[in-house]
Amino acid sequence: MEIVICPTASEAGKLGAAAIAALLQRQPEAVLGLATGSSPLHIYDELAARCQAGEVSFAQAKGFSLDEYVGLPSDHPETYHNVIRRDFVHRVDFDDSGVHGPDGLAADIPAFCASYEEAIAATGGVDLQILGIGTDGHIGFNEPGSSLASRTRIKTLTKQTRIDNARFFGGDIDQVPTHCITQGLGTIMAARHVVLVASGTAKAEAVHQLAEGPVSALWPATILQHHPHVTVLLDEAAAGRLQLTGYYRETYASKPAWQGL
Ligand code: F6R
């Protein structure tokens with residue numbers, strides 16, 4: 001796991017965007033795993049700017065969202081289907097029909113989840129998965145206690161996650177759905193490269209556990225310690241509880257340029 005500590009969240013986002021642009025340069029039809037929420041916004045801003053400048057194209061790429069709330073009407077502005085389009089997909093030259101997400105209104109949720117796994121596999125799998133991390137250590141919406149081998153399924157959101165996300169629902173936790181469909185930890189682990197981005201002191205403990213804690217269902221993101229290619233992009237605040245910061249900084253500063261992220 002590579003830990004990169006950046007002066008600001010914006011710098012972290014620029015590095016993440018550069019990794020995605022480099023991937024699309026080598027492989028224009030790459031499959032991207034897409035996260036919603038605040039964490040990836042700097043990545044999406046930078047990619048939108050690069051796309052407008054003609055430096056990167058998503059025209060042949062595909063995307064799979066990590067998760068979706070269960071039960072929100074399709075015209076609700078906070079469905080992740082709508083959020084990812086507003087924050088990213090419609091700001092670049094992505095073909096809308098090439099961007100998929102869990103169906104939070106599926107009549108048969110287990111059947112839908114199985115079909116989502118099949119759809120990801122049918123594309124050849126995710127080349128680069130963008131992730132945020134919850135204050136409780138979730139990735140996707142794999143809350144504490146999630147099976148470390150889980151696949152796409154329905155989950156109950158923790159109260160902490162609903163409190164954290166109430167800001168998108170007028171500050172009213174009662175408006176935040178109680179359930180979601182999320183790619184599982186096993187699904188996320190199948191991505192070839194994972195780029196996790198985190199900023200702010202609220203994420204510092206989860207980031208410490210992710211990189212330096214024991215692998216445990218209590219901090220689901222710790223499963224990424226078993227992944228061969230994870231890049232963690234942090235601002236100073238999110239790095240605030242890491243123990244080996246000196247080593248991470250030295251390693252990144254002396255990294256051979258040819259390695260990329
Ligand atoms: C969103 C997702 C979540 C978020 C996490 C952090 O698709 O899967 O894991 O990445 O809740 O959210 P933010 O970035 O809003 O702090």
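Atoms within each ligand, like the ligands themselves, are counted from 1 in listed order.
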Among S38, C180, G101, S39, whose heavy atom sits nearest atom 15 (O) of ligand 1? S38
Counting heavy atoms only, name the option from L196, I139, I133 that's nearest to atom 6 (C) of ligand 1. I133
What I'd like to find out is whether the side chain of I188 reaches to under 4.5 Å of the side chain of L66, using heavy atoms alone. yes
Step-by-step ring-ring contact (aromatic ring centres under 6.0 Å, His included) determination, Y247 to Y252: CA-CA 9 Å; Y247 178 63; Y252 186 65; over 10 Å; no
N-O pairing of [X] and [Y] below 4.0 Å:
X    : Y    : result
E236 : R249 : yes
K255 : E250 : no
K155 : D67  : no

Quick one about T222 and Q209 (side-chain donor to acceptor, distance below 3.5 Å, no hydrogens or angles considered), yes or no? no
Output the list of atoms in ligand 1 that are nearer than 4.0 Å to some heavy atom of [X], sorted by atom number.
X    : result
H138 : 3 (C), 5 (C), 9 (O), 11 (O)
G140 : 2 (C), 3 (C), 8 (O), 9 (O)
G37  : 14 (O), 15 (O)
K203 : 6 (C), 13 (P), 16 (O)
L66  : 8 (O)

For R167, which part has a heavy atom under 4.0 Å from ligand 1: side chain, backbone, both, or neither? side chain
Should the proximity of D67 to ligand 1, defined as any heavy atom under 4.0 Å, be assigned to the side chain, the backbone, both, or neither? side chain
Residue and atom name of the nearest protein heavy atom (relative to atom 10 (O) of ligand 1), distance in Å to one decimal: G132 CA, 3.3 Å
is_close_aromatic(F168, Y69), centroid dist under 6.0 Å: no
